[in-house]
Amino acid sequence: MVNEEILREFDPLSGRNTATTSTKPSPEQTSEQQSDNSTHISGQDLRDESHGRVESEREDPPLGFQLFIQQLKTPEAEPIVKYLKSFLHNFCTRRVLWSASEQQKLISDFKTFIYDKLLVFEPFKSLTESQLTNAQEGLEKLIMGKLYSRCFSPSLKDSLNVKLDDEHEGDLLGDIKLRAKTEEYQFIELENLDISTEISTKLNKFMKLAINELSKINKFKAPRDKVVCILNCCKVIFGLLRHNNLDKEGADSFIPLLITVVLKGNVGNLYSNVKYIERFRDNKFMKSEETYYLSSVLGAINFIQEMDESTLTIADRDTFRKKYLSNQDTLEEQRRKETDETVNNNNDTLLPTTLDDVTNSMATMVNDFLLSYGGKNATGVTPTQPTVANDQNATQEIAEQENDAHINRLILQLEERDNEEALDTLQSMFPDIDKDIIHDIGEAKRYRIGECVDALLQIFN
Amino acid sequence: MLQFKLVLLGDSSVGKSSIVHRFVKDTFDELRESTIGAAFLSQTIKVESEDQQEVVIKFEIWDTAGQERYKSLAPMYYRNANAALVVYDVTQEDSLNKAKAWVEELKNKVGDEDLVIFLVGNKVDLCEGSDNEDKRAVAATLAKQYAEDQGLMFDEVSAKTGHGVKEVFQAIGQRLYDTKKEELATRQRGNGNDGQVDINVPRPSTNDTTGCCS
């Protein structure tokens, strides 16, 4: 009931709020959004092909976020931009803190609303079905990118200095519990988790790659991109199973390995990430396979959170005990060091890397684009009837084109960097396979790690 | 296309995953819709409607870890399942007891009267031939009687030779189709029947706080 009322207030058509739709966001909000983006958005956030669809071969090629942004820039799409801006503005200003369920409902209802509107306005209304899906995905990504600092519990805590609601607080507690148990049991081996057969072939390399894929989850804001990180991680584990001829053992081998990856990876905020995906990834886009692996990661997290000696297979209690105590000592030592470090170098944290610099400038540009719409409307230029004679408009267009070119260059740079990294990893996983072949497969599979591993395994076998 | 979620349950050494691998690999999939992953597989089959028309259905198969210590994770997997394949090993008596425990749990926890439970005895190849008869630890008649009492479907298979595997999935598919048929008919009327039927079987969701481990 309350939510319905709020939603009505959010609806740009319901009168009262129309005034706010065409004005610029408040300066406070502007600076917040920018700082939000500069800290969290990654270059990969802006390119859809980075790790793409897993079942892409059976579907149309991925169309990309950039294309969606281009569509959004067309004058005919202006109403969509207005709705978006109005919703984003109201979400951030009507109340400081929504509970997670309220957020889920608000965003889901707005998506339903705006997806309907796509069928009304050009260029969206004449898109094919798969192009329309791309636009819907793009909207989800845009919305969640903008609202990330309010919806992702760890960011929410950082950005607001208030006591959080139980659900968001619960996410943070879940992360703390996971981290504590992870550190307490970081020394355990596969044998403690009941794997029927010994896994030796390339265990460490695959584990490292799987952890690497999983840890990318914190680089992305869009729920879909986070899901892909989980899926890729699970694909790499499957690759390991196939390498060891254990793929027919299914979950009996997969679950213990996934638990090991989660445990050894110690990926920050993993519990909050899973909860965030559950809340904000549109159900209709969620494939059954994705739901399976998401559930499995949550299962692995739950298992680790409840981990103690009774949940592990321990052949030799004395040795286990010794390892446990030695690990406790190491932890104690680490804690002491950390305390010292925080006292000594308070300003030395989080120096931006080159990669961050690149992505930051890109993030700002996307932000500028969204804001520029507000500016245009405020000056009374009607975007549906662009006049060439209008100098202001023309200048803006040129500026936008330059921006586009710049963004494209940055994206290319990022892609090349990522691709090289992927090739190195693949090469180390498959040292027996010729470098050129790996390169060709990388190109053919657009450097999607999951698919590359699949293809290389086929050659390997 | 009709989609059904099928969950695999059974002790870790009974070869439940092998049964599914056998099924997915041996089934000709003209739609090229099958998925083989670490623990999630999917495959389409055709069943027959009342008027002898072919209907394509898709199984989404959720594997579970059979080791005792991962038992607490199972509810996450069987939630919203349309069918459960509960597997035991005909050469291991205790594996039938474990299977019975799963059947109990499904009946108590899933609470869906339409849930199709199929009890499968695997590894019959191990006790074929007069030399190997003594390897059998669970008599087929005994398991069959139990299945009948509990209202389960039942058969024995060999994942190794492929014996009986396809038939199990065919029977489950047919049963699910027959059960959902009425629902389907209602929807078809509602949609004005454009020849394409798409039933969205309730999607599994992990955000259920009543799950096992929250």
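To find a chain, count down the sequence lines: A is the first, B the second, and so on, and within it residues start at 1.
The contact between B/K25 and chain A is made entirely by side chain atoms (from C-beta outward), counting heavy-atom distances below 4.5 Å. With a threshold of 4.5 angstrom between heavy atoms, A/I259 approaches chain B through side-chain atoms but not through N, CA, C or O. Only the side chain of A/I255 comes within contact range of chain B, judged by heavy atoms closer than 4.5 Å. Proximity to chain B involves both the backbone and the side chain of A/T313, based on heavy atoms less than 4.5 angstrom apart.
Under 4.0 Å is where a charged nitrogen must lie from a carboxylate oxygen, and between A/K177 and A/E306 at least one such pair does. Look at B/K100 and B/D94 and you find no salt bridge, because none of the NZ, NE, NH1 or NH2 atoms lies under 4.0 Å from a carboxylate O. A salt bridge links A/E309 with A/R317; the closest basic N to acidic carboxylate O contact falls under 4.0 Å. Note on A/E137 versus A/R281: salt bridge recorded, some NZ/NE/NH1/NH2 to OD/OE distance being below 4.0 Å. The pair A/K275-A/E278 meets the salt-bridge criterion, with a side-chain N (NZ, NE, NH1 or NH2) lying under 4.0 Å from an Asp/Glu carboxylate O. Ion pairing of B/R136 with B/E156 is present here, as a side-chain N (NZ or NE/NH1/NH2) and a carboxylate O approach within less than 4.0 Å.
For a heavy-atom cut-off of 4.5 Å, chain A lies close to no residue in residues 116-124 of chain B. Contacts from residues 12-20 of chain B to chain A, taken as heavy-atom pairs separated by less than 4.5 Å, involve B/S12, B/K16, B/S17, B/S18 in sequence order.
By the 30° and 60° cut-offs, the orientation of the rings of B/F40 relative to A/Y292 is tilted. A perpendicular orientation is assigned to the rings of B/Y78 and B/W102, their planes being inclined by more than 60° (bins at 30° and 60°). Between A/Y185 and A/Y324, the ring-plane angle classifies as tilted under the 30° and 60° cut-offs.
Shown here are the side chain to side chain donor-acceptor pair (under 3.5 Å) partners of B/D26, two or more places apart in sequence or in another chain: B/R22.
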Atom pairs and distances, donor-acceptor, side-chain atoms in residues 163-173 of chain B, under 3.5 Å, two or more places apart:
{"unit_1": "B/Q170", "atom_1": "NE2", "unit_2": "B/K46", "atom_2": "O", "d": "2.7"}

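Of all the listed residues (A/G174, A/A300, A/A251), the one sharing the greatest number of non-hydrogen pairs under 4.5 Å with chain B is A/A251.
For A/F254 and A/F238, the gap between ring centers reaches or exceeds 6.0 Å.
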